Amino acid sequence: MNFEKNDDGTVLKLTLDKKLSAVTADQLEKALEKELVGVKDFTIDMAKLSYVSSAGLRVLLKAQKYVNQHGTMKIINAVPEVMRIFETTGFNEILNISK
Amino acid sequence: MSVLNIDAEVSNLDKVLAFVDEKLESYGCLPKTQMQIDIAVEEIFVNIASYAYNPEKGSAAISVETQEDPLAVIITFTDGGVPYDPLKKPDPDVTLSAEKRQIGGLGIYMVKKSMDNVTYEYKDGKNILTITKKF
């Protein structure tokens, strides 16, 4: 995972790769607790992500709820396999996903 | 049939997936199907690691085999933890808003939706969960 933040710390872009599994979701959750403070515009690029388990969905939901309080979060470039997981679980209605 | 006996710990997830992937690749499984199977394996293994023996520790056995006509992979998870049938858990309401959403039960729901067959039995003091996926 890679984070890019603008100078005043309000715009954050996260690039995920490979897997969001129980192991990597735990790492992401810890990283987001620090990185999301003060962020108003949060983008997650999923172009290189091909695997999301329920542990990953839990962290995405937590991030969305947190950012909803004072800003916006959007997901870009989700691949069809990952979109299918979002659709099966109804997460396509919860998360802000750009086509 | 190949069997992996491993401590039921979330930190062993990558070892479990490597074991399953090696078998799936030898069968010529498509990457997309392999990803669905891997996620199902994760959900079931993480459930066993999190709840079967808690707070004690224990092990799980994972076996992988194929059947012909229709060509399918059958993966069986066996643990000696507390009797628990995850298939009895009601499906989560996937239409709720972010604020009302409960995350419990989502993993086994994903397994049920993505696999062709999922069965549970409790036999000789063991939980036995079997998933079947055509490929």
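Scope of the values below: all heavy atoms of this structure, side chains included, with no hydrogens, waters or symmetry mates. Numbered from 1 within each chain, the chains take letters A, B, ... in sequence-line order. These numbers were taken from a predicted model, which means no experiment stands behind them.
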Counting heavy atoms not belonging to [X], are there more than 12 under 6.0 Å from its [atom1]?
{"X": "Tyr51(B)", "atom1": "OH", "result": "no"}
{"X": "Lys57(B)", "atom1": "NZ", "result": "no"}
{"X": "Asp124(B)", "atom1": "CG", "result": "no"}
{"X": "Lys48(A)", "atom1": "NZ", "result": "no"}
{"X": "Lys113(B)", "atom1": "NZ", "result": "no"}

Mind checking the CZ-CZ spacing from Arg101(B) to Phe91(A)? Nearest 0.5 Å is all I need. 5.0 Å
Look up atom CD in Gln36(B) and atom CD in Glu81(A), then write down how far apart they are to the nearest 0.5 Å. 8.5 Å
Would you kindly confirm whether [X] and [Y] end up in one hydrophobic cluster when ILVMFWY residues are joined by side chain heavy atoms under 4.5 Å apart?
{"X": "Val11(A)", "Y": "Leu16(A)", "value": "no"}
{"X": "Ile76(A)", "Y": "Phe3(A)", "value": "no"}
{"X": "Val41(B)", "Y": "Tyr120(B)", "value": "yes"}
{"X": "Tyr66(A)", "Y": "Leu28(A)", "value": "yes"}

Stepwise side chain to side chain contact (heavy atoms under 4.5 Å, CB included) test for Ser114(B) and Thr88(A): CA-CA 9 Å; Ser114(B) 62; Thr88(A) 303; over 6 Å; no
Segment of [X] engaging chain A (4.5 angstrom heavy-atom cut-off):
{"X": "Ile108(B)", "value": "neither"}
{"X": "Ile39(B)", "value": "both"}
{"X": "Val46(B)", "value": "side chain"}
{"X": "Asp38(B)", "value": "both"}

Among the options Val52(A), Leu95(A), Asp26(A), pick out the one with the most heavy-atom pairs lying under 4.5 Å from chain B. Val52(A)
Under a 4.5 Å cutoff for heavy-atom pairs, which residue among Lys32(B), Met110(B), Glu42(B) has the most contacts with chain A? Glu42(B)
Sub-4.5 Å side-chain heavy-atom contact between [X] and [Y]:
{"X": "Ser11(B)", "Y": "Val23(A)", "answer": "no"}
{"X": "Arg58(A)", "Y": "Leu106(B)", "answer": "no"}
{"X": "Glu93(A)", "Y": "Val94(B)", "answer": "no"}

If we count only N and O atoms by modelled type, under 3.5 Å, do the side chains of Ser54(A) and Glu43(B) hold a donor and an acceptor together? yes
Quick check on Ser53(A) against chain B: is it the side chain, the backbone, both or neither that has a heavy atom closer than 4.5 Å? both
